[in-house]
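Shown next, in structure tokens, is the structure this report addresses.
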There are 2 protein chains.
Amino acid sequence: MTPRAGLTADRVTRAAADLADRIGFAALTVSGLARELGVRDASLYSHIRNLADLRARVAVLATAEMADQIGAAVAGRAGKEALAAFAHAYRRFAVRHPGRYAATQIALDPEVVAASPGHRRTLELTGGMIRAYRLAERDQVDAVRLLRSTFHGFSHFEATGGFLHGRDVDASFARAIDALHVALENWPSHDKEGTP
Amino acid sequence: MTPRAGLTADRVTRAAADLADRIGFAALTVSGLARELGVRDASLYSHIRNLADLRARVAVLATAEMADQIGAAVAGRAGKEALAAFAHAYRRFAVRHPGRYAATQIALDPEVVAASPGHRRTLELTGGMIRAYRLAERDQVDAVRLLRSTFHGFSHFEATGGFLHGRDVDASFARAIDALHVALENWPSHDKEGTP
DNA sequence: GTCCTTTCCTAGACTTCCTAGGTAAAAGCC
DNA sequence: GGCTTTTACCTAGGAAGTCTAGGAAAGGAC
């Protein structure tokens, strides 16, 4: 038997994320990954439980990487500047790492989410960004959900070719950010923070 | 040999959509569907070319059904009322038909989209809804993209358990619609239709 | 060095996808 | 009605992917 490939769960996960970026997350298979790593498919089960476990690991890894990039982009910014930086970093990650991005969108067990540093960091970053708009707690939740929905939706349609009109997509995204800022500045609620 | 099951491509597609609503679109298989219909898996290839063809057929069917429901909801409405009706019908469809909804979101060949009555109808309905805001053509495209992104993103997170906070999701959606209306009424652009 | 752990392998069972060819149900024609 | 043609169903089987079990040997600990 030849020397061991020196695999670890971490290395397997990174290789899977790289492969997913190349072929698409949906097309990621244990057997394909094994070929990529130069081992037999059965060998990977020393490091991962099954395909679902592999997918979850990629999701956790990708979420952490994405949070790091968003964090770097919004550092030192507030208000509309932070919103725009967050949004652009979000979309940039999705465009550059389509497989990783798709992984961030799968449903995960609550325990996995709770233990994922990337998920927690994303929450913190989002909370920090939204703070400048001085919304009531309940409105902050609503607003964050609106932002996350828009960012994901946009990236989804961009990735799946859903934007068929000839209109420049970069321009549409810039307008969307402007529009979201307008909405946040004029949040349709009567209990803005600090106002009784 | 026993009597034929009397399958047609249409019947196969509907059965697939129903099954997808029950088990999830991602879990839809030719073999599973064959079991559902009481035939052998190989028999289905008289009616569909392959799994990708089946998925595309479900997508086209679901898009048409969804467009019908949105169309019925917005009939006779304009402005914010139409926006709200559209949004609620969209989300209702996604919640009631998770498999069908997921099918509407897959990337399809441009020829398939071009030939799909549901896609065309969705475009018309969206155009009609956005008309009340009297935006310039370019801004209309941007605004439609924002709306579609938000609706899809919201439905996606709702379906994948991405909204972890205890805040009522119905309320968040209602607020999101209000916020989108505010954004549309105050679209961040200087060339509103009719204004030089 | 020895002993223990664990990573790799082979083997194989199972599922899914899909093609090829055959049979008989169903449709079409007279 | 009978006869012919079409085609929807079947069986058979190969390819690919998933995953378990057990064994061999690489690598780590002492």
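Chain identifiers are assigned alphabetically (A, B, ...) following the order of the sequence lines, protein sequences preceding nucleic acid strands; residue numbering begins at 1 within each chain.
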Once you round it to whole Å, what is the distance between [atom2] of [N] and [atom1] of [X]?
X     : N      : atom1 : atom2 : answer
B/I23 : C/dT16 : CD1   : C1'   : 13 Å
B/R49 : C/dC17 : CZ    : P     : 16 Å
B/N50 : C/dA20 : CG    : P     : 14 Å
B/Y45 : C/dT16 : OH    : P     : 11 Å
A/D53 : D/dT18 : CG    : C1'   : 14 Å
A/R11 : C/dT7  : CZ    : P     : 13 Å
B/R55 : C/dT16 : CZ    : C1'   : 14 Å
A/I48 : D/dG17 : CD1   : C1'   : 13 Å

Within the 4.0 Å heavy-atom criterion, would you say [X] contacts the bases, only the backbone, or no part of the nucleic acid?
X     : answer
A/G6  : sugar-phosphate
A/T29 : sugar-phosphate
A/S46 : base

What orientation do A/F151 and A/Y90 show, parallel under 30°, tilted 30 to 60°, or perpendicular over 60°?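 Tilted: the ring planes of A/F151 and A/Y90 meet at 30° to 60°.
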Do A/D41 and D/dC19 share a donor-acceptor pair, side chain to base, under 3.5 Å?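 Answer is yes: a donor-acceptor pair is held.
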Measure distances between side-chain N and O atoms of B/R4 and base N and O atoms of D/dT7, and say whether any donor-acceptor pair falls under 3.5 Å.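 Side chain to base: pair present.
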Can A/H152 and B/H156 be said to form a ring pair (Phe, Tyr, Trp, His ring centres under 6.0 Å), step by step? CA-CA 9 Å; A/H152 169 63; B/H156 164 83; 4.1 Å; yes
Give a yes/no on whether any side-chain N or O of A/S31 is located under 4.0 angstrom from OP1 or OP2 of D/dT18.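 Answer yes for this pair, as a side-chain N or O of A/S31 is under 4.0 Å from OP1 or OP2.
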Kindly say if A/H47 contacts the phosphate of C/dT6, meaning a side-chain N or O under 4.0 Å from OP1 or OP2.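 So the side chain of A/H47 is outside the cut-off, no N or O lying under 4.0 Å from OP1 or OP2 of C/dT6.
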Per [X] side chain, nearest of listed nucleotides [options]:
X     : options               : value
A/L51 : D/dC19, C/dC8, C/dA26 : D/dC19
A/V30 : C/dC8, D/dC19, C/dA26 : D/dC19
A/A42 : C/dC9, D/dA8, C/dA20  : C/dC9

Could you walk me through whether A/L146 and A/W187 pass the side-chain contact (heavy atoms from CB on, under 4.5 Å) test, one step at a time? CA-CA 11 Å; A/L146 173 66; A/W187 194 256; 3.8 Å; yes
Given the rule in the ring pair (Phe, Tyr, Trp, His ring centres under 6.0 Å) test, do B/F173 and B/F154 qualify, once you have shown the distances and angles that lead to the verdict? CA-CA 8 Å; B/F173 194 61; B/F154 202 96; 4.8 Å; yes
Does A/F93 form a ring pair (Phe, Tyr, Trp, His ring centres under 6.0 Å) with A/H97? I'd like the steps, not just the answer. CA-CA 6 Å; A/F93 186 86; A/H97 303 289; 5.0 Å; yes
